[in-house]
Amino acid sequence: MDELMAQRVAKAEELRAAGIDPYPPRLTRTHMAADVTLLVEALPEGESEVEGIEVDIAGRVVAKRDMGKATFLDLLDGSGRIQVLMRQNSLANYDSLRLIDLGDFIGVNGTPIRTRTGQPTVQAAHWTMLTKALHAPPEKYHGLADVELRQRKRYLDLMANEETRQRFIVRSKVVSAIRRFLDARGFLEVETPVLQEEAGGAAARPFTTYYNALEEERHLRISLELYLKRMVVGGFERVYEMGRIFRNEGLGAKYNPEFTMIELYQAYADYHDVSMLVEEMISTVAHEVLGKSRFTFRGQEISLERPWRRITLHDALREYGALELEEFSTADTLRAELERRGLDLPPTAGYGKLVDEAMSHYVEPRLVQPTFLMDYPVELSPLAKRRTDNPGLVERWEVFIGGFEAGNAYTELNDPVDQRARFEEQARLKAAGDDEAELVDEDFLFALEHGMPPTGGFGMGIDRLLMILTEQDSIRDVILFPQLKSVKG
RNA sequence: GGGCCGCUAGCUCAACUGGCAGAGCAGCUGACUCUUAAUCAGCCGGUUGGAGGUUCGAGUCCUCCGCGGCUCACCA
């Protein structure tokens with residue numbers, strides 16, 4: 001134990017010796033810090049004391065200014081900061097203040113006053129220890145700066161950095177605003193399995209675990225899609241789920257292996273209807289929570305004002321890449337053209353993957369303002385419905401904001417025969433070595449064979465949306481406890 | 001996985017070309033009854049991420065390892 005901790009332990013013992021529990025089970029609290037501030041600010045000009053009112057407040061000691069026979073403390077509670085003034089001639093047992101350290105939680109009984117400088121303050125008559133902290137909090141002025149510490153020991157980051165606290169408050173508000181938005185439009189929130197026999201609905205490697213009771217492997221879900229569609233088959237016309245999904249992939253500024261996804265499905269809607277719902281949802285939520293629609297993300301100003309731009313993938317490649325996809329309609333010709341242009345291509349890429357490579361290179365980084373990129377090659381979209389005018393394309397969009405994918409939607413494939421054929425094509429890719437290809441899900445096909453009405457669906461990573469709304473460059477700054485490598489030895 | 005950068009007191013940071021490891025905050029002692037990054041005086045606090053090596057001498061140079069950041073690759 002280090003010296004600083006030993007000192008604090010000794011202070012706790014001293015309290016116990018005096019018959020005071022340094023960790024009492026209960027306390028009296030009548031007011032929050034913000035309540036006291038309001039009381040004092042309501043005082044008429046010239047008056048410095050709120051007559052006849054006694055308050056009990058509680059919070060963490062975040063500053064201590066000892067003037068000798070008077071000491072100022074700053075207490076932080078869930079509503080904010082409030083100053084406490086302890087004076088030798090108005091506080092019982094003034095000497096005991098030396099037992100209070102920064103980081104301790106204390107309760108204070110006293111009177112709301114205004115100091116000479118106008119600061120709302122509680123002038124204390126009594127104080128009680130509520131929780132003795134055994135470590136010093138991070139440095140009071142600079143806060144906690146070390147990136148690794150801030151992520152590994154988030155409680156210290158939250159304790160020390162107001163901005164971090166606010167960011168995670170915003171996160172909660174965004175999540176609840178999304179729920180309100182959808183609930184108000186008749187969507188039902190449902191919960192589907194995290195542990196699945198096979199993880200489907202997206203192209204990603206799953207985490208695998210083992211269920212002892214059944215003596216079977218299970219996979220953590222990589223998307224919400226296939227179970228939510230089963231809900232639509234069952235007759236739920238508007239469903240959504242917001243929950244954690246898990247992808248066994250690398251870490252990075254935009255990637256965390258567990259992240260929060262929302263997916264929604266609306267029967268009798270198509271991908272156009274869903275695009276309107278989504279742009280309304282995001283701009284409404286931004287306004288409700290943050291009161292604005294303009295954000296600075298990675299040095300670029302982004303406006304979430306509606307309407308958002310819509311452009312087909314073909315048009316976007318023409319506009320940003322001067323690439324006329326009609327002229328390169330086979331994998332071989334497209335590959336030759338892209339290689340001629342100097343792109344580095346995966347050797348096994350099929351037509352869809354090649355289009356995707358071209359998009360990543362020419363188009364996506366340019367889509368800073370919210371943009372729906374529409375009509376994808378069928379090869380990339382095994383769960384989306386084909387366009388009737390061009391069966392090589394599907395009714396699908398991805399929405400890009402700030403240069404990265406923020407969401408994905410289809411008119412859902414509800415033809416069980418086509419769905420089976422698509423799964424079988426995926427199975428061929430898998431056999432050929434694509435370990436992220438979709439698996440044939442017989443129960444899902446059985447569900448579709450019972451009939452899923454025409455349906456539009458949408459999925460979005462909540463964390464990435466929050467990166468934009470809170471103007472953070474790294475997904476780790478919007479996840480409370482991001483994955484980090486463990487420290488051993 | 002590759003490249004680059006970083007890791008010094010509980011926290012925030014210094015330390016020229018290899019030459020006694022420092023400051024502020026926090027802590028301890030003292031002064032101060034309206035301060036608010038309080039102030040003032042004094043004191044305590046170090047396996048310089050870890051292990052080796054070069055050297056009379058290593059925070060500094062070399063090798064390996066750990067963790068992190070950025071980036072490339074990978075990842076719709």
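The shown structure was predicted, so the numbers you read here are calculated from the model rather than taken from an experiment.
- Looking at residues two or more places apart in sequence or on another chain, you find no side-chain contact (heavy atoms from CB on, under 4.5 Å) involving A:Glu51.
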Query - Dot-bracket encoding of pairs in RNA chain B, which uses [ ] for pseudoknotted crossings and | for another strand, Watson-Crick or G-U under 3.5 angstrom - result: (((((((..((((.....[..)))).(((((.......))))).....(((((..]....))))))))))))....
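- Residues from residues 455-465 of chain A with heavy atoms under 4.0 angstrom of RNA chain B: there are none.
- Remark: A:Phe404 pairs with A:Phe297 by the ring pair (Phe, Tyr, Trp, His ring centres under 6.0 Å) rule, at least two apart or across chains.
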Each nucleotide N or O in nucleotides 40-43 of chain B that has a protein N or O under 3.5 Å away: list the pair and distance.
none

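- Applying the side-chain contact (heavy atoms from CB on, under 4.5 Å) rule to A:Thr260 yields the partners A:Arg171, A:Met242, A:Arg244, A:Ile462, A:Asp463; only residues at least two apart in sequence or on another chain are considered.
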Between the protein and nucleotides 29-31 of chain B, which nitrogen or oxygen pairs come in under 3.5 angstrom?
none

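- With sequence neighbours left out, A:Asn248 forms a side-chain contact (heavy atoms from CB on, under 4.5 Å) with A:Arg205, A:Phe207.
- Considering only residues two or more places apart in sequence or on other chains, A:Arg152 meets the side-chain contact (heavy atoms from CB on, under 4.5 Å) condition with A:Glu148, A:Leu484, A:Val487.
- When the ring pair (Phe, Tyr, Trp, His ring centres under 6.0 Å) test is applied to A:Phe400, no partner is found at least two apart in sequence or on another chain.
- Sorted by first and then second residue, the salt bridge (Lys or Arg N to Asp or Glu O under 4.0 Å) pairs with a member in residues 65-75 of chain A read A:Arg65-A:Asp74, A:Asp74-A:Arg81; sequence neighbours excluded.
- A:Asp74 has its CG atom 11 Å from the P atom of B:rU36, to the nearest Å.
- Residue pairs satisfying the salt bridge (Lys or Arg N to Asp or Glu O under 4.0 Å) criterion with at least one member in residues 110-126 of chain A, sequence neighbours excluded, are absent.
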